[in-house]
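Presented below is the structure to which this report refers.
Keep in mind that the numbers below use all heavy atoms, side chains included, and drop hydrogens, waters and symmetry copies. Being a predicted model, the structure only gives us computed values, none of them experimental. Residue numbers count from 1 along this sequence.
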Amino acid sequence: MSDRFLLALLDVLVVLAVTVVGLWAWRRWHYRSFWLVVGYPLMAISVRATWRKVALGCGLTKKRQRFWFTTVPGLVSSTGVVKVKRRFQRIAVDTKPWMWLPLPTRYGWRVTLHTLEGQTPDDYRQAAEQLAHSWRVHAVRVSSPRPGRVVLAATMRDPLVRVDEIPPSGELLKVTVGRLETGRPWVIDFRTVPHWLNAGATQSGKSNLANALIVGLAAQPIALVGFDLKGGVEFTPYAPRLSALATSRAECVGLLDDLVGLMADRMTACRTAGARNIWQLPPDLRPVPVVVLVDELAELYLMADKSEKDEIAKTSTALLRVAQLGRAFGIYLFCCGQRIGSDLGPGVTALRAQCSGRICHRVNDPETATMTLGDLDPAALVSARAIPAETPGVAIVAGQDGQWYRARSFYVSEHAAEHAAQMYADLTPSWEEITSGADPVEMTDDDLAQFLTPAAVVPEPRKG
């Protein structure tokens with residue numbers, strides 16, 4: 001009898017060991033199917049079963065009056081035992097928010113909640129870290145698709161630990177530069193978000209992102225213009241694909257004058273053709289789009305002595321004017337800097353207001369993170385300050401959908417960017433040809449007002 005029992009026990013242990021090894025191998029080699037078949041059902045049951053305790057611990061419940069059975073002391077028997085009776089009466093009960101069934105996602109799950117009276121999405125955002133620890137997940141993100149509803153998106157593991165190689169760009173002025181924490185591609189689309197502000201300390205991934213952008217844009221029929229205030233050490237290797245490159249402040253002033261004149265010339269062409277922007281012009285009359293890459297933005301605003309004050313003011317005004325009106329005339333900005341603070345002057349603050357695309361890598365000072373993300377969402381600011389130094393390329397991104405995400409850019413070496421610049425050097429349009437008809441006179445406020453008045457705006461072209 002004992003031998004049979006030992007043999008049966010051994011068989012059970014062997015089956016359990018094979019099952020455990022099989023599940024481990026399944027999870028290791030094809031995590032997506034393992035998650036959908038095994039992980040998700042167990043997770044859904046666990047989340048629904050523990051939601052009341054989790055909501056109570058995170059302070060997301062509300063006291064409500066409910067009729068409930070309660071026990072109250074009754075008579076005392078002769079033996080000293082207290083008898084209790086159940087009474088149906090109205091008492092205060094902790095009520096949890098209503099939770100729908102969790103739905104699986106690529107890297108976790110998401111669930112919709114009905115908020116209680118007096119609650120806002122900010123209440124759930126403040127409890128996001130508590131929720132992540134309670135459910136033992138990597139992170140919990142909170143969004144609100146409509147009033148009274150909150151969506152919790154949980155990621156089981158960090159999808160930014162490893163990212164794939166950069167894919168080729170399929171659309172004009174659109175580049176996939178990395179991956180978002182949701183698993184979706186991180187896309188920089190200048191047609192949707194024309195101007196971007198990219199902040200990051202040394203070795204944070206800021207320059208790598210610029211390399212990825214150059215690789216993605218090099219094969220497109222556009223003009224690339226560089227402002228490199230490091231004396232040209234960053235963008236000079238990519239000169240074969242750059243239509244123009246400024247490496248000093250004096251050269252930047254001249255190049256900005258060219259851009260302002262180019263914008264005035266395209267403004268005149270649009271007015272003459274009755275178009276609101278260059279994309280409404282016929283293809284044979286449409287000018288080439290221009291993407292302006294600015295490295296070390298702070299150098300354009302730093303002043304060593306008062307003799308540079310007028311030059312800085314002129315540079316700041318021209319750059320701001322390009323940011324204000326450049327989108328309609330096919331001129332787009334991608335500004336990078338290690339430090340972007342309000343102490344650089346009001347010009348930086350005004351430029352930031354025109355850059356709806358924000359990217360914040362790891363920074364050395366809180367003010368740069370505040371300057372980049374502080375006017376969007378306080379939670380994004382907290383996440384930006386928490387980026388560790390050992391994860392280069394990770395950044396907080398706020399772009400076209402109005403949300404902010406953790407993201408990581410693909411690794412693109414300087415050699416790969418140089419190779420792309422040389423390979424597509426024949427696509428580089430001449431700066432002289434681009435600015436051949438540009439008005440060298442700086443635009444005045446009267447010119448801008450005339451173009452922006454309702455009388456100057458023509459109706460949309462007829463369909464068909």
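- A donor-acceptor pair under 3.5 Å is formed between the side chain of R241 and the backbone N or O of A218.
- Here the side chains of L256 and R321 are not in contact, with every heavy-atom distance at 4.5 Å or above.
- Annotation: side chain of V175 is in contact with side chain of Q220 (closest heavy-atom distance under 4.5 Å).
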Test V142 against L131 for side-chain contact (heavy atoms from CB on, under 4.5 Å), laying out the working first. CA-CA 11 Å; V142 180; L131 293 171; 5.5 Å; no
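- Formation of a donor-acceptor pair under 3.5 Å by the S243 side chain with backbone atoms of S430 is not found in this model.
- Each of W26, Y40, W24 was scored for a ring pair (Phe, Tyr, Trp, His ring centres under 6.0 Å) with F34, with one residue passing: W26.
- A side-chain donor-acceptor contact under 3.5 Å links Q119 to the backbone of L60.
- When atom types are taken as modelled, the side chain of R358 and the backbone of T372 share a donor-acceptor pair closer than 3.5 angstrom.
- Salt bridge absent: E171 and R191 never bring a charged side-chain N and a carboxylate O closer than 4.0 Å.
- For residues 43-63, the salt bridge (Lys or Arg N to Asp or Glu O under 4.0 Å) pairs, not counting sequence neighbours, are K63-D94.
- Judged purely by atom type and a 3.5 angstrom limit, R141 uses its side chain to pair as donor or acceptor with the backbone of W404.
- No side-chain heavy atom of L333 sits less than 4.5 Å from a side-chain heavy atom of P194.
- Looking at V394 and R362, their side chains never come closer than 4.5 Å, going by heavy atoms from C-beta outward.
- Ring geometry, W98 versus W100: the interplanar angle exceeds 60°, so the pair is classed perpendicular (tilted spans 30 to 60°).
- For residues 288-300, the pairs satisfying side chain to side chain donor-acceptor pair (under 3.5 Å) are E296-Q338, with sequence neighbours left out.
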For side-chain contact (heavy atoms from CB on, under 4.5 Å), just list the numbers for T50 and S134, CA-CA rounded to whole Å, side-chain angles, deciding distance to a tenth of an Å, and then say yes or no. CA-CA 9 Å; T50 60; S134 300; over 6 Å; no
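- K206 and E234 are not joined by a salt bridge, as no carboxylate oxygen comes within less than 4.0 angstrom of a charged side-chain nitrogen.
- Looking only at side-chain heavy atoms (C-beta outward), W186 and I359 come within less than 4.5 Å of each other.
- Note: W109 and W135 have perpendicular aromatic rings, judged against thresholds of 30 and 60 degrees for the angle between ring planes.
- E181 and Y107 form no side-chain donor-acceptor contact under 3.5 Å, judged by distance and modelled atom types alone.
- The line from CG of L209 to CH2 of W196 is 9.0 Å long, rounded to the nearest 0.5 Å.
- Interatomic distance, CG of L293 versus OH of Y238, reported as 10.5 Å (0.5 Å rounding).
- Using a 30° and 60° split on the angle between ring planes, F190 and F334 fall in the perpendicular class, above 60°.
- Looking at L217 and V291, their side chains come closer than 4.5 Å, going by heavy atoms from C-beta outward.
- Within the 3.5 Å criterion, the main-chain N or O of W431 finds a donor-acceptor partner in the side chain of T435.
- With hydrogens and angles disregarded, a donor-acceptor distance shorter than 3.5 Å links the side chain of R408 to the backbone of L160.
- Counting heavy atoms from C-beta outward, W279 and P289 have side chains that approach closer than 4.5 Å.
- A donor-acceptor pair shorter than 3.5 Å can be found between the side chains of N208 and S409.
- Side-chain N or O atoms of T428 include one that pairs as donor or acceptor with a backbone N or O of P240 at under 3.5 Å.
- Side-chain contact between I387 and C360 is absent, with no heavy-atom pair separated by less than 4.5 Å.
- Here the CZ atom belonging to R286 is positioned 10.0 Å from the CD atom belonging to Q280, to the nearest 0.5 angstrom.
- The neighbour count for Y424 OH, taken as heavy atoms of other residues, nucleotides or ligands under 6.0 Å away, does not exceed 12.
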Checking side-chain contact (heavy atoms from CB on, under 4.5 Å) for the pair I434/D258: CA distance, chi angles, key distance, verdict? CA-CA 10 Å; I434 295 175; D258 290 344; over 6 Å; no
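- A side-chain N or O of T247 and one of E251 form a donor-acceptor pair less than 3.5 Å apart.
- Under the side-chain contact (heavy atoms from CB on, under 4.5 Å) criterion, T105 pairs with R110, not counting sequence neighbours.
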